[in-house]
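What follows is one structure encoded as structure tokens, with my remarks underneath.
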Amino acid sequence: MIISNEENKGLLGLSISPLNRRRLMNFKNNKRGYWSFWLFLGLFTLSLFAEFIANDTPYLVCFKGELYYPTVVEYPETIFGGDFPTEADYKDPFVQELIEANGWLAWPLITFSYSTIDRDLGKTAPSAPDSRHWLGTDDQARDVLARLIYGFRLSVSFGLILTLFSSIVGIFAGAIQGYYGGWRDLVFQRFIEIWAGMPQLYILIIMSSILVPGFWVLLVILLLFSWLSLVGVVRAEFLRARNLDFVRAARALGVSDLIIILRHVLPNAMVATITMLPFILTGGVTALTSLDFLGLGLPPGSPSLGELLNQGKNNLQAPWLGLSGFFVLALMLSLLIFIGEAVRDAFDPRKTFL
């Protein structure tokens, strides 16, 4: 199949090289990974606007001809004619009457946030799915669907940030080892062998129980081990490329090691590195979910998929808790694995599109 320059520009809106065009077509030919990428991107994009989809405050209020945005800005009740200078409780019938007498409110599709406790539930929590709570409530009368939306966003964001920092550390360590070799490579390799042989899960549990749990604390703890998966790949690429003719010629011309690493060797190593990123992201999400399930992850009340699974284990009479968390987690991880397979095919030089 031959693609003209005009068709080539139409794929991404700009001209791309034949090599990248081949990679793009290989990625698209993996239909399962290609459509998984768009589905995952769509779900994550929607979750970024979770406050406008599931919230206990309206996203727009019109009062006396002026527009207010309670989702973004906190407004005191006195603005709408109330008595208290604290933030308005928009679910209070009194506040709603004040606003509707001189305007209107626009509510999200789901009128509960991840931390909203439904005090008008009228039944024992956890409650089964109904028209008010589409996936039921947990054991604290919080909407399960809202917690799933926020938990999906939190898990993916955590995994993406962890993947980014793991890539930086792993690529830097592998580049130093592979490019310089010698005693640096020997010492660093022995350290990695010792560190990789440590019981990671036990260390994570111990550190999580000692330190105050939080998003960034868990990120640092998991970063201690997640960077190891990239070192071997990057090191091998640098060991292979450091004695190639173009690298030796650059050294002979007096080009600095930093320029050679960044401009001449690193682009070759990035091919193998990129294929690993979706799997590192999957590992980060799984690790966070596992710690939350054990009660050693995010602070109580956080929208956590692992905490929802733990509630399902503790409330076997409410199967919607465990099943909801399981299906969301299974869908997320499956999509990431399929995307990783498609990326691997895209950068495989043995694969060509027809």
Side-chain angles (χ1 to χ4, degrees), residues 43 46-61 68-72 74-77 80 82-84 86-101 104-155 213 289 292-295 297-332:
L43 292 175
L46 285 176
S47 69
L48 293 178
F49 300 94
E51 286 79 6
F52 299 93
I53 300 174
N55 210 333
D56 54 3
T57 60
Y59 60 84
L60 184 63
V61 172
Y68 299 89
Y69 308 92
T71 303
V72 182
E74 295 183 0
Y75 298 105
E77 185 180 307
F80 307 110
D83 301 323
F84 301 103
T86 56
E87 182 182 4
D89 181 6
Y90 299 94
K91 286 202 167 185
D92 186 346
F94 174 72
V95 175
Q96 292 184 8
E97 291 177 3
L98 289 176
I99 297 176
E100 291 175 350
W104 45 266
L105 303 90
W107 288 90
L109 182 64
I110 303 169
T111 58
F112 301 94
S113 183
Y114 70 90
S115 59
T116 304
I117 297 176
D118 188 0
R119 305 187 185 279
D120 300 324
L121 186 60
K123 59 183 75 173
T124 303
S127 63
D130 54 26
S131 58
R132 181 178 177 88
H133 299 281
W134 298 345
L135 292 180
T137 63
D138 63 5
D139 57 7
Q140 298 183 39
R142 297 172 300 191
D143 189 79
V144 172
L145 181 55
R147 293 186 65 80
L148 288 176
I149 296 173
Y150 284 88
F152 179 87
R153 181 179 67 178
L154 181 63
S155 298
T289 304
D292 288 336
F293 179 80
L294 296 173
L298 296 170
S302 302
S304 165
L305 298 179
E307 189 263 348
L308 188 62
L309 291 175
N310 188 42
Q311 285 200 34
K313 177 181 70 70
N314 296 329
N315 298 275
L316 297 180
Q317 79 282 2
W320 57 87
L321 295 177
L323 291 176
S324 299
F326 168 77
F327 281 116
V328 169
L329 189 62
L331 175 63
M332 181 198 313

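These numbers were taken from a predicted model, which means no experiment stands behind them.
- The side-chain heavy atoms of Leu305 and Leu309, taken from C-beta on, include no pair separated by under 4.5 Å.
- In this structure, Phe49 and Tyr59 have side chains that are not in contact, with every pair of non-hydrogen atoms separated by 4.5 Å or more.
- Among residues two or more places apart in sequence or in another chain, the ring pair (Phe, Tyr, Trp, His ring centres under 6.0 Å) test is passed with Phe152 by none.
- Closest non-hydrogen pair, Asp138 versus Val144, comes out as N-CG2, 3.8 Å.
- Contact annotation: the side chain of Ile110 approaches that of Asp143 to within less than 4.5 Å [non-hydrogen atoms, C-beta and beyond].
- A 4.5 Å side-chain heavy-atom check between Phe52 and Pro108 finds every atom pair outside the cut-off.
- Summarising the geometry, atom OG belonging to Ser47 is positioned 8.0 Å from atom CD1 belonging to Ile53; distances are rounded to the nearest 0.5 Å.
- Tyr90 contributes atom OH, which lies 8.5 Å from atom OG1 of Thr71 (distance to the nearest 0.5 angstrom).
- Distance alone, capped at 3.5 Å, is enough to place a donor-acceptor pair between the Trp320 side chain and the Ser127 backbone.
- Using a 4.5 Å heavy-atom cutoff, the side chains of Phe80 and Glu97 are not in contact.
- Remark: side-chain polar atoms of Tyr69 are not paired, donor with acceptor, to backbone N or O of Pro58 under 3.5 angstrom.
- Going from atom CG of Leu121 over to atom CZ of Arg142 covers 13.0 Å, rounded to the nearest 0.5 Å.
- Between the side chain of Ser302 and the backbone N or O of Leu298 there is no donor-acceptor pair closer than 3.5 Å.
- Each side chain to side chain donor-acceptor pair (under 3.5 Å) pair with one or both residues in residues 107-124, not counting sequence neighbours, appears once here: Asp56-Thr116, Asp118-Arg132, Asp118-His133, Lys123-Asp130.
- Under the 3.5 Å distance criterion, the side-chain polar atoms of Glu307 are left unmatched by any main-chain donor or acceptor of Pro300.
- Among residues two or more places apart in sequence or in another chain, the ring pair (Phe, Tyr, Trp, His ring centres under 6.0 Å) test is passed with Tyr75 by Tyr68.
- For Gln317, the CD atom counts as densely surrounded, since its 6.0 Å shell holds more than 12 non-hydrogen atoms of other residues, nucleotides or ligands.
- Scanning both residues, Ala125 and Ala141, for their nearest heavy atoms gives CB-N, 3.7 Å.
- For Asp292, there are no salt bridge (Lys or Arg N to Asp or Glu O under 4.0 Å) partners at least two apart in sequence or on another chain.
- Side-chain contact check for Val61 versus Pro70: some heavy-atom pair is nearer than 4.5 Å.
- Asn314 places a side-chain N or O within 3.5 Å of a backbone atom of Asn310 that can act as its donor or acceptor partner.
- A distance of 11.0 Å separates CZ in Arg147 from OG1 in Thr137, rounded to the nearest 0.5 Å.
- The backbone N or O of Gly306 sits less than 3.5 Å from a side-chain atom of Ser304, completing a donor-acceptor pair.
- One N or O on the side chain of Asp92 and one on the backbone of Phe94 form a donor-acceptor pair closer than 3.5 Å.
- With sequence neighbours excluded, no residue satisfies salt bridge (Lys or Arg N to Asp or Glu O under 4.0 Å) with Glu77.
- You'll find the side chain of Ile149 stays beyond 4.5 Å of the side chain of Leu46, heavy atoms only.
- We find the CD1-CG distance between Ile99 and Leu105 to be 4.5 Å, quoted to the nearest 0.5 Å.
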Test side chain to side chain contact (heavy atoms under 4.5 Å, CB included) applied to Leu331 and Phe326, step by step: CA-CA 8 Å; Leu331 175 63; Phe326 168 77; over 6 Å; no

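- Here the CD-CG distance, from Gln311 to Asp139, works out to 3.5 Å after rounding to the nearest 0.5 Å.
- Glu51 meets the side chain to side chain donor-acceptor pair (under 3.5 Å) test with Arg153; sequence neighbours excluded.
- Using a 4.5 Å heavy-atom cutoff, the side chains of Pro76 and Thr86 are not in contact.
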